[in-house]
Amino acid sequence: MSAVVTRFAPSPTGFLHIGGARTALFNWLLAKRLGGKMLLRIEDTDRARSTPEAIEAILDGLKWLELGWDGDVVYQYGRADRHRAVACEMLAKGAAYRCYATPEELEAMREKAKAEGKPMRYDGRWRDRSEADCAAAEAKGLKPVIRLKAPQEGETSVDDLVQGRVTWSNDNLDDLVLLRSDGNPTYMLAVVVDDHDMGVTHVIRGDDHLTNAARQTQIYQAMGWDVPAMAHIPLIHGPDGAKLSKRHGALGVEAYRAMGYLPVALRNYLVRLGWSFGDQEIFSTEEMIAAFDLKNVGRSPARFDFAKLENLNGHYMRQASDADLMAGIETVLPHIEGGAEIAAKLDSGLRTKWLQAMPGLKERAKTLVELIDGARFLFAVRPLALDEKGADILAKGGRDVLRGLLPRLEALPDWDAATLETAVRAEAEATGLKLGAVAQPLRAALTGRSTSPGIFDVFVVLGREESLGRIRDQI
RNA sequence: GCUCCCAUCGUCUAGAGGCCUAGGACACCCGCCUCUCACGUGGGUAACAGGGGUUCGAAUCCCCUUGGGAGCGCCA
């Protein structure tokens with residue numbers, strides 16, 4: 001029984017988008033589940049569009065998502081010699097042929113087919129030419145491409161683990177180009193050769209590759225190689241149902257990092273997009289691995305829903321340890337707006353206060369960005385700038401409440417939550433106010449806002465001097 | 001145009017002929033808890049695209065229609 005080998009094979013023409021991330025996740029999960037390996041291959045045969053920045057972004061994205069790959073990264077372009085060798089082998093065995101049709105000629109052919117309402121396929125005009133024809137073309141200085149001599153009768157089927165058996169009539173599949181006229185392999189050839197050479201047993205990718213699967217199957221067959229198991233998963237759509245384009249939120253995973261999402265939450269969200277396991281919604285990484293199965297991957301496309309991602313993220317934030325959250329904050333700070341200033345203030349004193357406030361803070365935040373925002377009162381400098389609601393509370397009687405309360409607080413022997421609460425309640429009782437009517441002005445003075453963690457916790461984290469100072473500032 | 005894929009609440013989905021008066025989750029609405037906001041908790045609104053079959057019985061099987069999506073490159 002040979003071990004399972006999956007692969008994630010992005011082309012480095014842009015960042016790692018959300019659909020790619022899910023494809024990587026599924027490959028990773030299947031490999032983990034079956035005790036196999038997930039390989040990483042960068043499909044950079046398109047020299048003009050591949051960039052080192054994109055490669056970096058993809059590797060960085062996978063690392064952030066904690067989807068590690070096995071072995072070294074394979075760069076497809078580095079294997080061009082082998083691809084060429086296979087193309088020559090196919091030529092030699094009659095499974096491929098030289099085609100001297102020019103790009104202009106092919107373009108005209110497509111235009112004509114389109115105008116006549118016929119399928120836009122290569123018509124095989126060089127399929128059975130003589131050596132003499134080829135020599136004549138050569139003499140004219142034409143450089144040939146090498147095309148697959150695909151079967152013209154019968155049909156080609158793909159037994160897809162997600163889509164089921166999908167069959168094409170061979171007359172709908174034309175003779176694809178294996179080697180370009182400049183001698184470089186095409187994607188179609190390179191994928192097949194690489195997957196074969198790398199021992200890939202399961203190909204999991206977006207269903208935009210479904211038709212390619214048929215053509216690639218023909219290449220496997222021409223070479224007499226085993227076709228790996230295939231699984232074409234449906235694409236992710238934008239919230240409006242249209243294709244997930246850049247305009248819609250087909251953001252790179254680094255954008256999700258900058259929005260303050262946790263890798264564990266993003267993984268959980270992504271795995272439930274298209275895959276299900278009964279009614280279970282929350283999966284730890286271990287549970288995900290144990291439960292994942294291609295059989296439970298659906299065939300219909302899913303829409304991306306930020307609300308659900310956010311909810312999941314909130315769940316994982318609440319569940320996370322304060323220390324992990326602190327670490328998360330520090331890693332995300334360089335990636336968010338205004339993060340640098342906060343990072344500059346983040347000394348051990350602030351870190352201690354922040355950690356102390358974390359239990360109350362994390363209950364109220366759905367993202368790391370919100371967590372940071374909710375903690376602003378910790379490092380705000382006196383006199384505090386009030387937001388609209390905070391100012392409103394103080395303007396409408398809040399100051400009077402603070403004036404009445406101040407002496408009581410100043411006289412406190414201890415500065416712990418219980419003592420403070422007793423004092424504030426006593427003041428409320430003495431003035432006939434509800435606790436909320438006293439707590440809100442305090443909240444406004446202490447945090448500048450109308451919402452915050454429990455007010456007595458805020459008192460304690462801020463400390464006696466800072467708390468009293470902030471109250472006096474507002475009187 | 002041609003080929004292929006898809007179709008259950010607003011969204012993600014459960015459902016593999018009777019267990020479905022269609023379940024869960026998110027979102028939304030109404031309560032409870034409460035110093036605010038959250039969290040938590042109780043409840044509610046909300047879906048089998050349409051039409052034909054097959055069957056004693058269909059969300060589940062078949063066909064058609066409609067609506068989405070993908071592919072049809074010397075891109076990947």
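Just so it is clear, the model here is predicted, and its values are computed rather than measured.
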With hydrogens left out and only the distance checked, is there a donor-acceptor pair under 3.5 Å joining [X]'s side chain and the base of [N]?
{"X": "A:Lys118", "N": "B:C2", "result": "no"}
{"X": "A:Arg443", "N": "B:C35", "result": "yes"}
{"X": "A:Arg364", "N": "B:U36", "result": "yes"}
{"X": "A:Lys366", "N": "B:A38", "result": "no"}

With under 30° as parallel and over 60° as perpendicular, where do the rings of A:Tyr256 and A:Tyr261 fit, or are they tilted in between? tilted
Looking at B:U3, B:A27, B:C12, which one has an atom nearest to any side-chain atom of A:Ala307? B:A27
salt_bridge([X], [Y]) N-O dist < 4.0 Å:
{"X": "A:Glu43", "Y": "A:Arg41", "result": "yes"}
{"X": "A:Arg425", "Y": "A:Glu429", "result": "no"}
{"X": "A:Asp160", "Y": "A:Arg165", "result": "no"}

Note: contacts of residues 206-214 of chain A with RNA chain B (heavy atom, under 4.0 Å) are A:Asp207, A:Asp208, A:His209, A:Leu210, A:Thr211, A:Asn212
Are A:Phe456 and A:Trp415 an aromatic pair by the rule of ring centers under 6.0 Å? no
Just checking A:Ser169: base, sugar-phosphate only, or nothing, at a heavy-atom cut-off of under 4.0 Å? nothing
Determine the Euclidean distance between corresponding P atoms of B:A27 and B:C12; express it in Å to zero decimal places. 15 Å
Report yes or no: is the cationic atom of A:Arg147 (NZ for Lys, CZ for Arg) under 6.0 Å from the centre of the six-membered ring of A:Tyr122, at an angle within 45° of the ring normal? yes
